[in-house]
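For reference, the structure is listed below as structure tokens.
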Protein chains: 2
Amino acid sequence: MTEPHWLNADERRAWLALLSINTLLPAALDTQLQAAGKLSLFDYNVLAMLSEAEGRFLPMSELAARTSASLSRLSHVVTKLQRRGWVEREAHPGDARVTVAHLTEAGMDTIVSLAPGHVDAVRALMLDAMSDDDVADLARIGEKIVARLDDDHWILRER
Amino acid sequence: MTEPHWLNADERRAWLALLSINTLLPAALDTQLQAAGKLSLFDYNVLAMLSEAEGRFLPMSELAARTSASLSRLSHVVTKLQRRGWVEREAHPGDARVTVAHLTEAGMDTIVSLAPGHVDAVRALMLDAMSDDDVADLARIGEKIVARLDDDHWILRER
DNA sequence: CTATTTTAGTTGAAGCTTCAAGTAAAGATC
DNA sequence: GATCTTTACTTGAAGCTTCAACTAAAATAG
């Protein structure tokens, strides 16, 4: 054990890189999505998670988990997406506390039309910079960090 | 070349992990800093970058670069930090367009008192989840992504 | 040297996120 | 089976970020 209170060279590099990616990557993806369809990366992700869910609906809590968002943030955003006709709120048959968010046809059309451009942007902005091994390493390390931040995060469920 | 328009398993894992880290890590660090000193991670970073600069001052543009922020965002935040007595704005002697942000003594005291807790949080939330090799890999891969997002980003300058 | 363009920064408004408080149903406790 | 606690949300206000518009100085072009 050396000093517990400061970062060594690699730790500092890793931390600063992550911090920078954290600011620049969402900003760049937001710009692309804003130009393509006047929505944010978070909006896109909400629609994407619903589109991949069975029946294209999810309880708000589950949708919040899959977008790593607070229920409050999600609630505001779903209200907005609802006004745009992309999502509807429905009651849950078995539990009256639960609100189910349901992707509409229009919402599905939107995400289908946006997905190719968005995926291209993700490739152009990060994946194309990396070798196959890098991608595998990042997946492995990234999931370790996610596990540390939230030990039953949904992306860890399938493994 | 296979399909350019979709992600394979590792790519998807890497992307989703990064997206989740991106939401959860700043939120957790914000919570810690909010509790310790009523400031955000971004506020902290502005103070930290100034504290590490020679003379503890930097032109707004340079400070914006080192915090990966827009000049507009930085301007608003510096105004806030100024009201709290942590930063001052000064004229640049050689170029009248430039505003120099200068860390005050009180600002320095603040960052000195907050740094240990913040570094502990960074360790607890991400570094402790990783082996030394992981840290080195993340530093290497992270810098590749940063280079792709901004090929003359300041964190790449020293190398 | 005058006009144009670029650089550096600020500002106010609009939109987004967080925070605290509140509602209501479900589950647990006694 | 009444009370207490927890779960699942929603809401409004406050604060933060982005966006577009603006000012002013420096650099460039003609």
Side-chain angles (χ1 to χ4, degrees), chain A residues 22-35 37-47 57-84 87-102 152, chain B residues 22-35 37-47 57-84 87-102 152:
Chain A
N22 221 286
T23 315
L24 298 174
L25 188 53
L29 292 169
D30 268 331
T31 300
Q32 189 269 320
L33 285 168
Q34 205 67 46
K38 306 266 178 232
L39 37 52
S40 70
L41 177 58
F42 183 73
D43 296 341
Y44 178 91
N45 252 270
V46 168
L47 299 180
F57 61 82
L58 287 172
M60 293 293 278
S61 298
E62 182 57 27
L63 187 52
R66 295 197 192 184
T67 52
S68 303
S70 69
L71 223 29
S72 171
R73 179 184 189 183
L74 181 64
S75 186
H76 285 294
V77 168
V78 165
T79 300
K80 186 187 66 176
L81 298 177
Q82 210 169 2
R83 278 200 293 263
R84 298 185 69 168
V87 171
E88 279 168 359
R89 273 187 237 244
E90 288 159 13
H92 188 283
D95 186 338
R97 291 170 303 178
V98 173
T99 306
V100 170
H102 193 147
D152 47 57
Chain B
N22 220 287
T23 315
L24 299 174
L25 187 54
L29 291 170
D30 269 332
T31 300
Q32 189 267 322
L33 285 168
Q34 206 69 44
K38 305 269 180 231
L39 37 52
S40 70
L41 177 57
F42 183 73
D43 297 340
Y44 178 92
N45 252 271
V46 169
L47 299 180
F57 60 83
L58 287 172
M60 294 293 278
S61 297
E62 182 57 27
L63 186 52
R66 296 198 192 183
T67 53
S68 302
S70 70
L71 223 28
S72 172
R73 180 184 187 183
L74 181 64
S75 185
H76 285 296
V77 168
V78 165
T79 300
K80 187 186 66 177
L81 298 177
Q82 210 170 3
R83 279 199 292 264
R84 297 184 71 169
V87 171
E88 280 168 359
R89 274 187 238 243
E90 289 158 13
H92 188 282
D95 186 336
R97 291 171 302 180
V98 173
T99 306
V100 170
H102 194 146
D152 47 55

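Order of the sequence lines fixes the chain letters, A, B, ..., with proteins taken first and strands second; residue numbering starts at 1 for each chain.
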Side-chain donor/acceptor of His76(B) to base of dG12(C), under 3.5 Å: yes

message: Can you see if the side chain of Arg89(B) gets near the phosphate of dT10(C) - specifically, an N or O under 4.0 Å from OP1 or OP2?
response: yes

query: Looking across every strand, which nucleic acid part, if any, lies under 4.0 Å from Asp30(B) by heavy atom: base, sugar-phosphate, or nothing?
result: nothing

task: Check whether any side-chain N or O of Arg73(B) sits under 4.0 Å from OP1 or OP2 of dT17(D), and answer yes or no.
output: yes

query: Under 4.0 Å between a side-chain N/O of Thr99(A) and OP1 or OP2 of dT10(D), yes or no?
result: yes

task: Establish whether the base of dC19(C) is bridged to the side chain of Ser70(A) by a donor-acceptor pair shorter than 3.5 Å.
output: no

query: Is atom CD of Glu88(A) surrounded by more than 12 heavy atoms (other residues, nucleotides or ligands) closer than 6.0 Å?
result: no

task: Among dT18(D), dT6(C), dA25(C), find the nucleotide with the atom closest to the side chain of Ala96(A).
output: dA25(C)

message: If you only use heavy atoms from C-beta on, which nucleotide in dT10(D), dT10(C), dA25(C) is closest to the side chain of Met60(B)?
response: dT10(C)

- line: Closest to the 5' end of DNA chain D, once Asp43(B) and Thr31(A) are matched to their nearest nucleotides, is Asp43(B)

message: Just N and O in the side chain of Lys80(B): are any of them under 4.0 Å from OP1 or OP2 of dC16(D)?
response: yes

task: Name the closest nucleotide to the Ser75(B) side chain, picking from dT7(D), dA26(D), dT10(C).
output: dT10(C)

query: What nucleotide among dA20(D), dA8(C), dA25(C) has an atom nearest to a side-chain atom of Leu71(B)?
result: dA8(C)

query: What's the CG-C1' distance between Leu74(B) and dT18(D), to the nearest Å?
result: 14 Å

message: Does dC9(D) have OP1 or OP2 under 4.0 Å away from a side-chain N or O of Ser61(A)?
response: yes

